[in-house]
S.K.: 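Dropping the structure in here first, questions after.
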Amino acid sequence: FPVTIHHEELIKLAEELKTTDANKILNITWERFILRIKKKHKHRPTHFAVSELGSKEPKKRKDGQIIAGTERIHFHAIIFDKTINLNHKEIQQFWKYGNVDKFKFCNSMTINYIVKYITKTDNQHPDYNRLLKCSKGLGKEYLKTWDAQQNKFNPNGETNPIVTGK
């Protein structure tokens with residue numbers, strides 16, 4: 001789910017935090033968001049989020065609506081925690097800075113969509129460094145799996161015959 005920061009909120013946060021650095025502001029907003037969830041649910045949710053600066057150019061949505069280019073800073077995020085079942089309304093209550101786009105579910109397509117923002121080339125903002133926020137230890141169980149061993153980087157350039165079929 002994408003979460004944005006309204007311009008008025010961004011100004012308030014910049015004054016409160018005494019910075020105009022977008023990533024410093026995003027870092028604080030995300031931590032406050034996660035802490036609000038933790039306070040209510042007594043548990044820090046498993047999460048993954050990557051920041052992006054919005055486009056300068058207007059976009060046409062699938063429904064035909066034209067959206068003005070705002071260059072608004074925002075996160076693309078996933079909260080995937082079996083112990084906390086958050087709906088859109090609750091996430092909107094915890095995220096106090098702007099809009100939360102509606103979401104239906106999280107699957108491999110959702111994960112791929114969000115993860116691509118880590119390496120996405122942003123020609124409009126070449127100096128912008130994305131902020132990545134994720135739960136501590138996220139993915140550590142994967143490292144113990146057979147798949148992880150087969151996908152392990154090999155500095156000699158050798159390929160794994162099971163994976164490549166060669």
Side-chain angles (χ1 to χ4, degrees), residues 1-56 59 61 65 67-122 124-145 147-148 151:
F1 56 91
V3 293
T4 63
I5 300 179
H6 289 310
H7 184 70
E8 302 79 27
E9 290 296 323
L10 192 58
I11 291 169
K12 284 185 208 173
L13 288 160
E15 288 173 1
E16 174 195 342
L17 302 172
K18 296 179 181 25
T19 184
T20 57
D21 183 306
N23 280 344
K24 286 182 181 177
I25 293 169
L26 272 177
N27 190 49
I28 295 294
T29 59
W30 188 259
E31 285 304 312
R32 289 176 179 175
F33 170 68
I34 294 299
L35 289 173
R36 285 186 197 104
I37 296 171
K38 180 182 176 187
K39 184 177 180 180
K40 179 172 182 193
H41 292 280
K42 312 291 187 240
H43 171 71
R44 203 172 159 87
T46 305
H47 62 277
F48 180 90
V50 61
S51 68
E52 181 187 32
L53 278 175
S55 175
K56 294 178 185 179
K59 284 186 179 180
R61 290 178 21 172
Q65 182 182 1
I67 301 172
T70 61
E71 291 190 279
R72 184 171 290 150
I73 190 92
H74 60 279
F75 273 115
H76 293 273
I78 303 173
I79 292 180
F80 46 104
D81 197 306
K82 294 176 184 174
T83 61
I84 301 174
N85 186 16
L86 298 172
N87 61 36
H88 179 263
K89 184 178 178 182
E90 194 171 18
I91 289 176
Q92 184 71 60
Q93 289 170 346
F94 292 132
W95 182 259
K96 304 202 181 273
Y97 309 106
N99 295 331
V100 176
D101 281 4
K102 287 196 175 190
F103 58 92
K104 293 183 181 176
F105 52 85
C106 180
N107 60 22
S108 61
M109 288 175 56
T110 313
I111 293 167
N112 287 337
Y113 176 80
I114 291 173
V115 168
K116 77 178 180 184
Y117 285 97
I118 296 171
T119 58
K120 180 181 173 186
T121 302
D122 186 350
Q124 294 179 1
H125 311 101
D127 296 328
Y128 178 68
N129 293 314
R130 287 180 174 78
L131 178 65
L132 181 63
K133 301 294 291 180
C134 66
S135 298
K136 185 176 181 178
L138 185 65
K140 74 178 179 183
E141 291 302 313
Y142 171 76
L143 296 175
K144 300 174 187 174
T145 67
D147 286 340
N151 293 317

S.K.: With a 6.0 Å cut-off (strictly less than), is the heavy-atom count around NE2 of His7, excluding the residue itself, greater than 12?
M.R.: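 For His7, atom NE2 is not crowded (no more than 12 foreign heavy atoms under 6.0 Å).
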S.K.: Considering only residues two or more places apart or on different chains, which pairs with a residue in residues 86-96 satisfy salt bridge (charged side-chain N to carboxylate O under 4.0 Å, His left out)?
M.R.: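 Qualifying pairs: Lys40-Glu90.
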S.K.: What do the steps show when you test Ile73 against Tyr128 for side-chain contact (heavy atoms from CB on, under 4.5 Å), and what is the final call?
M.R.: CA-CA 11 Å; Ile73 190 92; Tyr128 178 68; 3.3 Å; yes
S.K.: Sequence neighbours excluded, which residues qualify as side chain to side chain contact (heavy atoms under 4.5 Å, CB included) partners of Asp21?
M.R.: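 If we apply the side chain to side chain contact (heavy atoms under 4.5 Å, CB included) test to Asp21, skipping adjacent residues, the hits are Thr19, Asn23, Lys24.
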S.K.: Among Phe94, Trp30, Phe33, which residue meets the ring pair (Phe, Tyr, Trp, His ring centres under 6.0 Å) test with His47?
M.R.: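 Testing His47 for a ring pair (Phe, Tyr, Trp, His ring centres under 6.0 Å) against Phe94, Trp30, Phe33 leaves exactly one candidate, Trp30.
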S.K.: Hey, is Glu15 close enough to Lys12 for a salt bridge, meaning N to O under 4.0 Å?
M.R.: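 Looking at Lys12 together with Glu15, the answer is no, because their closest N to O distance does not fall below 4.0 Å.
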S.K.: Which heavy atom of His88 sits nearest a heavy atom of Asp101, and at what distance?
M.R.: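 That would be CD2-O, 3.6 Å.
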S.K.: Which distance, rounded to the nearest 0.5 Å, do you find between the CD1 of Ile91 and the CZ of Phe1?
M.R.: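 Taking CD1 in Ile91 and CZ in Phe1, the distance rounds to 4.0 Å.
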S.K.: If you look at every heavy atom in Leu53 and His74, which pair is closest and at what distance?
M.R.: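 The pair with the smallest heavy-atom distance is C-CE1, 4.2 Å.
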S.K.: Minimum heavy-atom separation for Leu26 to Ser51, with atom names?
M.R.: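 Smallest heavy-atom distance, with atoms named: CD1-CB, 3.4 Å.
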S.K.: Side chains of Ile78 and Tyr113: does their closest heavy-atom pair fall under 4.5 Å?
M.R.: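 Result no, sub-4.5 Å side-chain heavy-atom pair not found.
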S.K.: Taking only residues two or more places apart in sequence or in another chain, which ones pass salt bridge (charged side-chain N to carboxylate O under 4.0 Å, His left out) with Lys116?
M.R.: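 Expected list: none.
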S.K.: Just by modelled atom types, is the Asn99 backbone N or O under 3.5 Å from a matching donor or acceptor in the Thr4 side chain?
M.R.: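 Yes, because the side chain of Thr4 sits within donor-acceptor range (under 3.5 Å) of the backbone of Asn99.
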S.K.: Under the side-chain contact (heavy atoms from CB on, under 4.5 Å) criterion, do Lys120 and Arg130 qualify, and how do the steps go?
M.R.: CA-CA 10 Å; Lys120 180 181 173 186; Arg130 287 180 174 78; 3.7 Å; yes
S.K.: Would you check if Thr29 and Trp95 make a side-chain contact, meaning some heavy-atom pair closer than 4.5 Å?
M.R.: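 Result yes, sub-4.5 Å side-chain heavy-atom pair found.
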S.K.: Go through the structure and list residues passing salt bridge (charged side-chain N to carboxylate O under 4.0 Å, His left out) with Glu16, not counting sequence neighbours.
M.R.: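 So Glu16 forms a salt bridge (charged side-chain N to carboxylate O under 4.0 Å, His left out) with Arg32.
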S.K.: Please enumerate all residues that pass salt bridge (charged side-chain N to carboxylate O under 4.0 Å, His left out) together with Glu31, with sequence neighbours excluded.
M.R.: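 Result, salt bridge (charged side-chain N to carboxylate O under 4.0 Å, His left out) vs Glu31: Arg44, Lys133.
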S.K.: Between the side chain of Thr145 and the main-chain N/O of Ala148, is any donor-acceptor distance below 3.5 Å?
M.R.: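 Between the backbone of Ala148 and the side chain of Thr145 there is a qualifying donor-acceptor contact (under 3.5 Å).
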S.K.: Would you name the heavy atoms of Ile5 and Leu13 that are closest together and state the gap between them?
M.R.: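 Where Ile5 meets Leu13 most closely, the heavy atoms are CG2-CD1, 4.3 Å.
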S.K.: Considering non-hydrogen atoms only, spot the tightest contact between Val100 and Gln92 and give its length.
M.R.: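 Nearest heavy atoms, Val100 then Gln92: N-OE1, 3.2 Å.
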S.K.: Tell me, please, which residues at least two apart from Thr119 pass side chain to side chain contact (heavy atoms under 4.5 Å, CB included).
M.R.: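 Partners of Thr119 by the side chain to side chain contact (heavy atoms under 4.5 Å, CB included) criterion come out as none, since no residue qualifies.
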